[in-house]
Amino acid sequence: MAVLDILKLPDPRLKQVSGPVTAFDDALRRFIDDLEETRQDGPAAVGIAAPQVAVFQRVVIVDCSQTRKPVPNHGRLVLVNPEITHWEGYEPGREGCLSVPDYTGNVIRATRIHLEARDPQGAPLEFDMEGYEARAVQHEIDHLDGILFVDRVVSRRTDLFRRKVYQKGGKKSETTKNTKNTKG
Amino acid sequence: MNDKWWMLTLVGQDSPGIVAAVTSALAEAGITLGETSMLRLGGNFTVMMMVSGDTDEQALRSLLVPVLEARGLRLHIDPIEAELHQHLVPNVQVTVSGADRTGIVAQVTTALAEGGFNILDLESDLAGTPHEPVYIIQISGVSGEPIERIEERLAPVRESGVSVNVVPVEPYIG
């Protein structure tokens, strides 16, 4: 077990897209142990993604069971090759990041998602998530795609001026006029 | 880097390119920026900028005079202490909206202050129409009190017909 170094902005490696995990072996599980130790080190984070420690594989950990006010959650989750297959609703919420110290900003995320992933042994996982936990997963999957929350920050004023827009597929949902990204 | 910091406040008629002109004049003189906030308030350009450099107040003003005159801006300069890389993180957000009347902000913020609420950020806006103006306030800050207690403090505001929403803010860190 080891605490790994966190990549910090403006390290260009944070923009790198991570590849899928293909070998569910002991090396993967040893890395996951280190990633979890790193998550809990220092100012403990709710979640962490492998590329934040310069390992460009699709692995994230989230644990939304320790919030000040309890939120719906599935406990500590190690998600390998996570994929959001459905998302709905939008709401702004404040986010920060181990890779962007001393900065928090508002980001619009889907309020409900359906998630498919693998566990560290390669077994399939499926979850319906909402709110804070759905936000956590969207933030971490962004890391796997080389996206930081600072790329998605919206102004406080933007939050006030919501309007109805029509999403792809004809589904009506509430979003803000400055939101280009509909995917987490 | 020089440790001396100033807060520049610039106000004037808004037009495109003011920020570029001001910051270019500063950059060319080797003046560095800290935290800044530009807002358009009722059609007026306003910006507050922390600046630092090997300079003094008189020199700062002199180097901005051409921009001030060309753009019709007024400048105010204060020496300040700079607290950087120590952001406080809000844990409560209060949103207020209602028919416009004098004193809403005073009523809301007084109620919050009585509970020791530290406002980190406040924006208020006059929305609606000239005939039916609506006042909207968004406040975020740090409170040591539970949400329910803050709700109680703001109950008189709500009873006066203004919509008040108090929500806990827990930034997601990941």
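In the text below, chain A, chain B and the rest are named by the order of the sequence lines, each starting its count at 1. Here the structure is a predicted model, which is why all the values come from computation and not from measurement.
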Answer with yes or no whether the hydrophobic clustering places [X] together with [Y]; edges join I, L, V, M, F, W, Y residues whose side-chain heavy atoms lie under 4.5 Å apart.
{"X": "B/Leu126", "Y": "B/Val157", "value": "yes"}
{"X": "B/Leu64", "Y": "B/Ile77", "value": "yes"}
{"X": "A/Leu9", "Y": "A/Tyr103", "value": "yes"}

If we count only N and O atoms by modelled type, under 3.5 Å, do the side chains of [X] and [Y] hold a donor and an acceptor together?
{"X": "A/His143", "Y": "A/Asp145", "value": "no"}
{"X": "B/Ser97", "Y": "B/Tyr135", "value": "no"}
{"X": "B/Glu35", "Y": "B/His87", "value": "yes"}

Query raised in the report: Salt-bridged, A/Arg112 to A/Glu130, with N to O below 4.0 Å?
Result: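 No, no charged N to carboxylate O under 4.0 Å.
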
Query raised in the report: Does the distance from a Lys or Arg side-chain N to an Asp or Glu carboxylate O, for A/Asp142 and A/Arg152, drop under 4.0 Å?
Result: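 A salt bridge links A/Asp142 with A/Arg152.
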
Report task. State, with a plain yes or no, whether a side-chain heavy atom of B/Asn118 is found less than 4.5 Å away from one of B/Leu120. Result ->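 In contact.
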
Query raised in the report: Quick one: does B/Pro90's side chain get under 4.5 Å of A/Arg94's, heavy atoms only?
Result: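 Yes, their side chains come closer than 4.5 Å.
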
Query raised in the report: Yes or no on side chain to side chain contact (heavy atoms under 4.5 Å, CB included) for A/Glu116 and A/Ile84, after CA distance, side-chain angles and deciding distance?
Result: CA-CA 6 Å; A/Glu116 295 178 10; A/Ile84 296 169; over 6 Å; no

Query - Donor-acceptor under 3.5 Å (A/Thr38 side chain, A/Leu4 main chain) - result: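 Yes, because the side chain of A/Thr38 sits within donor-acceptor range (under 3.5 Å) of the backbone of A/Leu4.
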
Query raised in the report: Where along residues 160-174 of chain B does a heavy atom come under 4.5 Å of chain A, listed by residue number?
Result: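 Residues of residues 160-174 of chain B touching chain A at under 4.5 Å: B/Pro168, B/Val169, B/Glu170, B/Pro171, B/Tyr172, B/Ile173, B/Gly174.
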
Report task. Using a heavy-atom cutoff of under 4.5 Å, enumerate the residues of residues 10-30 of chain B that contact chain A, numbered in order, or state 'none'. Result ->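 Under the 4.5 Å heavy-atom cut-off, nothing qualifies.
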
Query raised in the report: So which of B/Ile104, B/Thr95, B/Asp125 actually passes side chain to side chain contact (heavy atoms under 4.5 Å, CB included) with B/Ile137?
Result: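 Passing option: B/Ile104.
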
**Report entry** Residue among A/Leu144, A/Leu125, A/Ile141 satisfying side chain to side chain contact (heavy atoms under 4.5 Å, CB included) with A/Leu79
**Finding:**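 One option only clears the test, and that one is A/Leu125.
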
Query - chain B neighbours within residues 20-37 of chain A, where any heavy atom lies under 4.5 Å away - result: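 Expected list: none.
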
Query raised in the report: Can you name the residues of residues 45-70 of chain A that have some heavy atom under 4.5 Å away from a heavy atom in chain B?
Result: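 So the qualifying residues are A/Ala45, A/Val46, A/Gly47, A/Gln52, A/Val62, A/Thr67, A/Arg68, A/Lys69.
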
Requested in this report: Decide yes or no on side chain to side chain contact (heavy atoms under 4.5 Å, CB included) for B/Val108 and B/Leu112, but give the supporting numbers first.
Outcome: CA-CA 6 Å; B/Val108 170; B/Leu112 293 174; 4.0 Å; yes

Query raised in the report: So among A/Glu133, A/Glu95, A/Glu91, which one has a salt bridge (charged side-chain N to carboxylate O under 4.0 Å, His left out) with A/Arg109?
Result: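 Only one of A/Glu133, A/Glu95, A/Glu91 forms a salt bridge (charged side-chain N to carboxylate O under 4.0 Å, His left out) with A/Arg109, namely A/Glu95.
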
